[in-house]
Amino acid sequence: MKTGHVRIADLPGGIDLQATLESGQSYLWGRDDDALYEADAPAGSDAWYHVVVDDEAVRVRQRDGRLEWEATTDAEPILTDLLRLDDDLDAIAATAPDDDLVRAAYEEFRGLRLVRDPFFPTLVAFICSAQMRVGRIAAMQAALRREFGDPVELDDRTYYGFPHPEALAAASEADLRDLGLGYRAPYVRDTAAMVADGDLTEGDVSALDYEAARDALTEFVGVGDKVADCVCLFALGHLEAVPLDTWIQSAIEDHYPDCARGNYADTSRAIRSRLGDDYAGYHQTYLFHYLRTGAAES
DNA sequence: ATCCAGGATGTAT
DNA sequence: ATACATCATGGA
């Protein structure tokens with residue numbers, strides 16, 4: 001086992017690990033205390049989080065001004081990639097619109113970083129997200145890893161990587177329904193088959209600009225504009241993407257009514273412009289977390 | 001019991 | 001292009 005740490009003072013704008021990993025943007029991670037998104041979860045500010053990428057296991061916690069990590073390999077490049085440690089959070093925050101809602105969200109969760117998650121796990125997670133709460137989405141992804149993923153040992157614990165497309169393509173619809181996926185089960189299976197068969201892959205969409213990528217992604221089964229936007233933002237690095245979910249839709253009604261245009265594409269462009277064309281998706285993630293956690297009421 | 005959750009799909013217009 | 005019903009499942 002290798003260990004190390006990243007000094008948070010060296011990260012431009014710092015980091016809030018819990019806000020980053022428990023804001024409903026990434027479903028790649030677990031918590032060692034198994035309390036991810038649980039209502040009775042312990043304070044959690046220094047909880048261990050774990051992830052498996054490319055058969056390497058990493059666990060990390062935020063403590064004493066550091067990101068402390070233990071891993072099967074040097075975790076620093078992995079953390080830098082997944083947690084976007086190279087983003088200048090101060091510079092990004094400076095592009096946020098100066099209104100009460102965005103300002104409050106940044107004051108509450110300063111240090112929240114966008115993630116840079118792998119393509120296929122993000123695609124599946126957000127297919128599963130339809131009409132689901134974040135806690136159950138996370139539980140569904142953990143179940144998929146446990147049932148169909150490859151185990152990796154780290155110290156005395158076993159973690160599981162997200163299943164390869166072939167593994168989910170080979171799963172039966174009944175197997176997936178047993179994990180609580182409901183009507184999303186055939187969506188996940190059919191989309192996994194499309195990726196496994198090479199019908200439409202990350203390579204095909206990564207070369208496209210943002211809106212073209214979003215349109216292409218809707219070719220997957222179970223992927224509409226909103227889920228495609230989540231893949232664009234959290235996996236493909238299109239930081240201007242603003243997924244229009246129920247929370248953002250209501251935020252538009254309450255705070256940006258002039259951005260409501262009656263259809264997804266035009267409303268998306270309007271709110272993107274309002275939030276700033278370069279980092280609209282970054283600011284959106286702060287708003288989503290702020291609104292969803294009810295921090296606005298306290 | 002009824003409503004809701006990071007919506008998408010099939011069908012009718 | 002837009003409007004509508006339908007789709008599982010668990011928690012409040």
Side-chain angles (χ1 to χ4, degrees), chain A residues 19-29 35-41 105 109 112 114-115 117 121-144 172-192 194 200 214-236 238 241-254 260-269 271-272 275 280-297:
Chain A
T20 300
L21 295 182
E22 300 198 47
S23 51
Q25 53 168 332
S26 176
Y27 298 94
L28 197 65
W29 294 74
L36 201 67
Y37 293 119
E38 286 190 4
D40 58 346
F109 293 113
L112 188 164
L114 221 61
V115 295
D117 275 352
T122 305
L123 184 61
V124 172
F126 283 95
I127 288 172
C128 292
S129 78
Q131 295 296 101
M132 276 290 155
R133 300 193 182 158
V134 295
R136 290 198 57 209
I137 300 167
M140 290 158 66
Q141 306 316 301
L144 287 172
S172 73
E173 182 179 330
D175 289 339
L176 296 176
R177 282 181 183 269
D178 286 344
L179 300 183
L181 271 65
Y183 63 85
R184 305 155 196 80
Y187 297 166
V188 168
R189 207 193 70 81
D190 292 347
T191 285
M194 290 175 69
L200 181 60
R214 186 182 68 194
D215 291 344
L217 286 167
T218 62
E219 191 178 323
F220 285 115
V221 183
V223 178
D225 288 330
K226 187 270 170 185
V227 168
D229 259 337
C230 290
V231 176
C232 282
L233 180 59
F234 304 130
L236 297 179
H238 295 297
V242 179
L244 300 182
D245 61 87
T246 53
W247 290 99
I248 298 301
Q249 293 277 18
S250 67
I252 289 172
E253 284 183 32
D254 297 343
R261 300 297 163 85
N263 65 77
Y264 191 98
D266 290 335
T267 304
S268 177
R269 285 196 194 96
I271 190 66
R272 187 195 325 158
L275 295 180
Y282 231 108
H283 310 321
Q284 179 271 1
T285 300
Y286 274 81
L287 287 186
F288 173 82
H289 189 43
Y290 182 70
L291 295 168
R292 193 192 67 81
T293 57
E297 283 96 48

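Keep in mind that this is a model prediction, so the values were computed, not measured. Below, read A as the first sequence line, B as the second, and so on, with proteins coming before strands; counting in each chain starts at 1.
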Interatomic distance where [atom1] belongs to [X] and [atom2] belongs to [N] [whole Å]:
X: A/Leu123; N: B/dG7; atom1: CG; atom2: P; value: 16 Å
X: A/Asn263; N: C/dA1; atom1: CG; atom2: P; value: 11 Å
X: A/Ile137; N: B/dA8; atom1: CD1; atom2: C1'; value: 14 Å
X: A/Arg136; N: C/dG10; atom1: CZ; atom2: P; value: 6 Å
X: A/Asp245; N: B/dG6; atom1: CG; atom2: P; value: 8 Å
X: A/Asp225; N: B/dT9; atom1: CG; atom2: P; value: 10 Å
X: A/Met132; N: B/dA5; atom1: CE; atom2: P; value: 12 Å
X: A/Asp178; N: C/dT9; atom1: CG; atom2: C1'; value: 13 Å

Given B/dT9, B/dG6, C/dT9, the nucleotide with the shortest approach to the side chain of A/Tyr187:
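Minimum distance to the A/Tyr187 side chain belongs to B/dT9.
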Centroid distance under 5.5 Å and plane angle under 30°, A/Phe288 vs B/dG6
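A/Phe288 vs B/dG6: stacking yes.
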Donor-acceptor pair, distance only, cut-off 3.5 Å: does the side chain of [X] make one with the backbone of [Y]?
X: A/Ser250; Y: A/Trp247; result: yes
X: A/Gln25; Y: A/Thr20; result: yes
X: A/Tyr187; Y: A/Phe220; result: no

Distance criterion of 3.5 Å, no angle test: do you see the side chain of A/Arg184 paired donor-to-acceptor with the base of C/dC7?
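Per atom types, no contact qualifies.
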With respect to the phosphate group of B/dG7, does any side-chain polar atom (N or O) of A/Thr246 fall under 4.0 Å of OP1 or OP2?
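Yes, A/Thr246 has a side-chain N/O under 4.0 Å of OP1/OP2 on B/dG7.
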Measure up the A/Phe234 and A/Phe126 rings against each other and bin them: parallel (under 30°), tilted (30 to 60°), perpendicular (over 60°).
parallel
Rounded [atom1] spacing from [N] to [M] in Å:
N: B/dA8; M: C/dG10; atom1: P; value: 22 Å
N: C/dA3; M: B/dA5; atom1: C1'; value: 22 Å
N: C/dA5; M: B/dG6; atom1: C1'; value: 22 Å

Please name the nucleotide paired to C/dC4 by Watson-Crick or G-U wobble geometry with both distances under 3.5 Å, or report none.
B/dG10
First encountered from the 5' end of DNA chain B, between A/Ser23 and A/Glu219
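It is A/Ser23, whose closest nucleotide lies nearer the 5' terminus.
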Between A/Phe220 and A/Cys230, which has a closest nucleotide on DNA chain B that is more 5'?
A/Cys230
How long is the span from the CG atom in A/Asp175 to the CG atom in A/Leu181, to the nearest 0.5 Å?
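One gets 11.0 Å once the value is rounded to the nearest 0.5 Å.
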Looking across every strand, which nucleic acid part, if any, lies under 4.0 Å from A/Gly24 by heavy atom: base, sugar-phosphate, or nothing?
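Base contact.
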Which is true for A/Tyr264 with a 4.0 Å heavy-atom rule: it touches a base, it touches only sugar-phosphate, or it touches nothing?
nothing
